[in-house]
Amino acid sequence: MTDREVSTPTNFIRQIIEEDLRQGKNGGRVATRFPPEPNGYLHIGHAKSICLNFGVARDYGGTCNLRFDDTNPEKESAEYVRAIQEDVRWLGFEWDRLCYASDYFEQLYDYAEDLIRAGKAYVCDLSQEEIREYRGTLTEPGRESPYRNRSVEENLDLFRRMRAGEFPDGSRVLRAKIDMASPNINMRDPVIYRIRRTAPHHQTGEEWKIYPMYDYTHCISDALEGITHSLCTLEFEDHRPLYDWFLEQLDVPCHPQQIEFGRLNLEYTVLSKRKLTELVEKGYVEGWDDPRMPTIAGIRRRGCPPEAIRLFCDRIGVTKSDGVVEIAMLEHCMREVLDTTAPRAMAVLRPLKVVIENYPEDKVEQLTAANHPKDESMGTRTVPFTREVYIDRDDFMEVPPNKKWKRLSLGEEVRLRYGYVIRCTEVIKDDQGEIVELRATYDPDTLGADPAGRKVRGVIHWVSVSHGVPAEIRLYDRLFKVPIPGADKDDDWLSDINPESLVVVQGVVEPSLAKARPGDRFQFEREGYFCVDTKDSTPERLVFNRTVTLRDTWAKIAGQK
RNA sequence: UGGGGCGUCGCCAAGUGGUAAGGCACGGGAUUUUGAUUCCCGCAUUCGUAGGUUCGAAUCCUACCGCCCCAGCCA
């Protein structure tokens with residue numbers, strides 16, 4: 001935690017926990033867990049859950065396990081297991097125990113036999129389609145399976161043979177015997193074990209031919225780990241009666257309390273694992289860690305510090321109402337931490353050469369620049385000033401658009417950041433009328449001093465032509481062009497992708513940046529926050545990713561007219 | 001038209017019968033060699049709607065209305 005995060009969040013879950021502590025429940029113990037299924041990368045929605053679970057454990061002197069909910073080998077992989085651990089650690093959390101639901105397969109199996117012996121579970125031979133038909137609908141009750149009243153002996157025998165691999169996939173399942181007429185569909189004899197003979201499991205290999213389902217596995221795993229508060233998202237609210245049912249039937253060590261909260265929705269992106277997987281697999285992005293992805297890996301590569309994510313999660317709060325958080329909230333958190341932590345530098349994204357005609361041909365001045373305007377401890381660096389410099393094309397207009405313009409224009413003055421005041425004397429264009437170069441003069445008395453008798457309103461950044469270092473700069477923008485992709489036609493969400501979510505530009509950066517290391521974050525003055533790409537940047541060919549722009553009041557004013 | 005949830009400012013969110021916190025966004029101003037940052041100031045007489053209880057209601061009751069989730073051998 002950093003200073004920014006000292007105020008402890010308050011929310012209904014923390015209130016429940018505090019009340020439990022007050023009453024001495026669970027022997028004053030608080031134990032949570034973060035239970036991802038390793039079937040994809042973690043995204044910012046998971047970050048909310050991570051911050052909640054690990055944060056609660058931290059603040060109440062409890063524990064938090066990282067538990068892989070790995071009961072579906074067909075969709076899971078060791079690669080996801082690896083990536084998830086990396087992401088949780090990067091976010092700044094460390095688990096007490098690293099667990100796998102598959103650690104409990106043997107116990108889970110034994111509990112299933114207990115259920116059978118108690119007459120609370122049975123092997124059902126109905127096909128998948130038949131089970132669906134027998135289940136009924138939202139408004140009509142289901143019907144009991146013809147296999148519902150098999151003897152304990154027959155059920156035990158069949159279940160053991162399922163485990164032994166005697167039956168093909170899909171031929172039989174083990175079901176809990178609850179109530180086919182329940183208004184809660186989850187209670188209509190849910191399947192708790194299915195046969196999967198071929199798919200090797202990333203943790204248990206070929207050992208198992210049957211795999212337990214989520215509802216059955218999750219509550220028992222929680223109980224075996226001594227979890228006190230099992231926090232999950234709202235869509236599991238309907239499953240809570242089932243969660244409690246299993247724990248009541250079985251002789252488990254404890255009965256954790258499931259509490260549901262609203263999952264995060266964020267504007268201009270998607271957060272469903274299905275859609276994120278589709279973006280990756282169909283090549284709309286370059287991978288799970290594409291900087292446009294809302295994955296932890298993508299956000300990290302984009303240059304966002306973990307502290308900003310934690311700050312964001314604290315600020316959006318935890319409730320049961322499902323809303324959509326504006327992207328501005330996330331961007332604000334990024335800027336807030338980057339402003340104080342990122343050293344400043346100058347980079348020209350769209351270079352326009354300026355020749356300062358009254359500056360000596362081969363003179364080079366080493367100007368001193370502060371690495372942070374209000375943090376002296378970040379030190380200073382030196383930037384070479386020469387007769388020819390690049391400025392950004394956006395910082396010049398031959399004739400100013402209005403009186404508010406404070407950048408360079410023909411015949412007018414502007415200050416070069418940390419350097420001199422220059423005046424544009426001539427605009428050189430090519431045959432197409434495109435501006436290719438500017439001529440200017442400088443006022444030698446303006447280094448660190450205001451010019452005599454004039455006030456220069458504008459300051460622009462620049463880089464020496466002879467000393468600047470070329471760099472590829474990737475300008476990332478929101479992945480979708482509308483706040484809610486697929487809002488009115490969900491199957492068409494892909495058509496809402498923003499075709500300009502990535503604009504690559506060949507820029508020039510100040511020479512001090514040549515020694516920047518992958519992952520280093522900077523503020524390019526007047527442009528935004530950038531970080532050295534961890535995959536593609538090399539000392540010979542620097543690549544910077546734009547994390548987020550600076551707040552841009554001018555763009556707002558300019559956009560109004 | 002079954003069940004489970006949720007409705008407080010444009011967005012997020014406090015509030016738990018005593019007279020609407022905060023953050024983001026937005027608007028205005030100050031300072032500024034980043035149109036950044038920082039700093040002031042403004043921003044819900046009203047809590048989905050309608051009734052009722054009460055000296056007093058966002059908080060309690062009733063009835064409506066709206067939105068979300070559930071019919072995987074996914075989690």
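The chains referred to below are lettered A, B, ... by the order of the sequence lines, with proteins before strands, and numbering in each begins at 1.
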- Item | Watson-Crick or G-U counterpart of B/G2, or none if no pair lies under 3.5 Å | B/C70
- Does A/Ser321 have a side-chain nitrogen or oxygen under 4.0 Å from the phosphate oxygens OP1 or OP2 of B/A13? yes
- Determine the contact category for A/Ile131: base if any of its heavy atoms lies under 4.0 Å from a base atom, sugar-phosphate if only primed atoms, P, OP1 or OP2 are that close, otherwise nothing. base
- Message: Roughly how many Å apart are B/G66 and B/G28, using the P atom of each and rounding to a whole number?
- Response: 39 Å
- NA contact type, A/Gly458, heavy-atom cut-off 4.0 Å: base, sugar-phosphate, or nothing? nothing
- Task: Write down the distance separating the P atoms in B/U62 and B/U53, rounded off to the nearest Å.
- Result: 15 Å
- Message: Nearest whole Å is fine: how far is B/G10 C1' from A/Glu326 CD?
- Response: 6 Å
- Query: Taking only N and O in the side chain of A/Arg315, is any of them less than 4.0 Å away from OP1 or OP2 of B/C11?
  - Reply: no
- Between B/G35 and A/Arg457, is there an OP1 or OP2 to side-chain N/O distance shorter than 4.0 Å? no
- With C1' as the reference atom in both, quote the distance from B/G10 to B/A36 in angstrom, rounded to an integer. 25 Å
- Task: Would you indicate what A/Gly170 reaches in the nucleic acid, counting non-hydrogen atoms under 4.0 angstrom: base, sugar-phosphate, or nothing?
- Result: base
- Task: With heavy atoms under 4.0 Å as the rule, sort A/Arg551 into base, sugar-phosphate or nothing.
- Result: sugar-phosphate
- Starting at the 5' end of RNA chain B and moving along, which residue's nearest nucleotide shows up first, A/Trp554 or A/Ile316? A/Ile316
- Item | Distance in angstrom units between A/Glu267 CD and B/A25 P, rounded | 13 Å
- Given atom CG of A/Asn402 and atom P of B/G35, what is their separation to the nearest angstrom? 15 Å
- Task: Taking atom P in both B/U37 and B/C26, compute the distance separating them and give it to the nearest angstrom.
- Result: 10 Å
- Would a line drawn from the ring center of A/Tyr214 to the ring center of A/His218 be shorter than 6.0 Å? yes
- Which part of the nucleic acid, if any, lies within contact of A/Lys406, taking any heavy atom under 4.0 Å across all strands shown: a base, the sugar-phosphate backbone alone, or nothing? base
- Describe the nucleic acid contact of A/Met213 in one word from base, sugar-phosphate, nothing, applying a heavy-atom distance below 4.0 Å. sugar-phosphate
- B/U32 P sits how many Å from A/Leu550 CG, rounded? 19 Å
- Task: Specify the glycosidic conformation (syn or anti) of B/G72, with syn defined as within 90° of 0.
- Result: syn
- Nearest-Å distance once atom P is located in both B/G51 and B/U46: 15 Å
- Side-chain N or O of A/Gln15 less than 4.0 angstrom from OP1 or OP2 on B/G15? yes
- Query: Contact class for A/Thr319 vs. all strands (heavy atom < 4.0 Å): base, sugar-phosphate, or nothing?
  - Reply: sugar-phosphate
- Message: Using the C1' atom as the point on both nucleotides, what is the distance between B/C60 and B/C68, in whole Å?
- Response: 26 Å
- Task: Please give the nucleotide sitting opposite B/A44 as a Watson-Crick or G-U wobble pair, both distances under 3.5 Å, or none.
- Result: none
- State yes or no: are the ring centers of A/Phe544 and A/Phe530 separated by less than 6.0 Å? no
- Short side-chain N/O contact to B/U33 OP1/OP2 from A/Lys455, under 4.0 Å: no
- Query: Can you tell me if the side-chain N/O atoms of A/Arg526 get under 4.0 Å from OP1 or OP2 in B/G35?
  - Reply: yes
- Message: Taking only side-chain N and O atoms of A/Thr71, does any of them lie within less than 4.0 angstrom of OP1 or OP2 on B/A75?
- Response: yes
- Answer with base, sugar-phosphate or nothing: what part of the nucleic acid does A/Lys273 contact at a heavy-atom distance below 4.0 Å? nothing
- Message: Using OP1 and OP2 only, check whether a side-chain N or O of A/His461 sits under 4.0 Å from B/U34.
- Response: no
- Query: Closest nucleotide of RNA chain B for A/Arg415 versus for A/Gly317: which of these residues is on the 5' side?
  - Reply: A/Gly317
- Query: So what does A/Val324 hit on the nucleic acid, given a heavy-atom distance under 4.0 Å: a base, only sugar-phosphate, or nothing?
  - Reply: sugar-phosphate
- Item | Pair assignment for B/G7, Watson-Crick or G-U wobble, requiring both distances under 3.5 Å | B/C65
- When A/Tyr243, A/Tyr104, A/Tyr193, A/Trp245 are each screened for ring-ring contact (aromatic ring centres under 6.0 Å, His included) with A/Tyr216, the one that passes is A/Tyr193
- Can a side chain N or O of A/Arg194 be found less than 4.0 Å away from OP1 or OP2 on B/A75? yes
- So what does A/Tyr193 touch, heavy atoms closer than 4.0 Å: a base, only the sugar-phosphate, or nothing? nothing
- Message: Can you see whether A/Glu525 engages A/Tyr418 through a side-chain donor-acceptor pair at a distance of less than 3.5 angstrom?
- Response: yes
- Message: Regarding A/Gln128, tell me which of base, sugar-phosphate or nothing describes its non-hydrogen contacts under 4.0 Å with the strands shown.
- Response: base
- Query: Which part of the nucleic acid, if any, lies within reach of A/Asp69 when heavy atoms closer than 4.0 Å are counted: base, sugar-phosphate only, or nothing?
  - Reply: sugar-phosphate
- Query: OP1 or OP2 of B/G72 less than 4.0 angstrom from a side-chain nitrogen or oxygen of A/Arg188, does that happen here?
  - Reply: no
- Answer with base, sugar-phosphate or nothing: what part of the nucleic acid does A/Gln523 contact at a heavy-atom distance below 4.0 Å? base
- Using the salt bridge (charged side-chain N to carboxylate O under 4.0 Å, His left out) rule, take A/Lys275 and A/Glu278 through it: C-alpha gap first, then chi angles, then the decisive distance, then the call. CA-CA 5 Å; A/Lys275 288 178 180 171; A/Glu278 199 169 335; over 6 Å; no
- CD1 of A/Ile557 versus P of B/C26: gap in Å, rounded? 12 Å
- Message: Whole angstroms only, please: what is the CG-P distance between A/Asp238 and B/C68?
- Response: 15 Å
- Look at all strands and tell whether A/Arg407 reaches a base, only sugar-phosphate, or nothing, counting heavy atoms closer than 4.0 Å. base
- Begin from the C-alpha positions of A/His201 and A/Phe105 and carry the test ring pair (Phe, Tyr, Trp, His ring centres under 6.0 Å) through to its verdict. CA-CA 12 Å; A/His201 188 284; A/Phe105 279 176; 5.7 Å; yes
- B/A13 to B/G23 separation - C1' atoms, rounded to the nearest Å: 8 Å
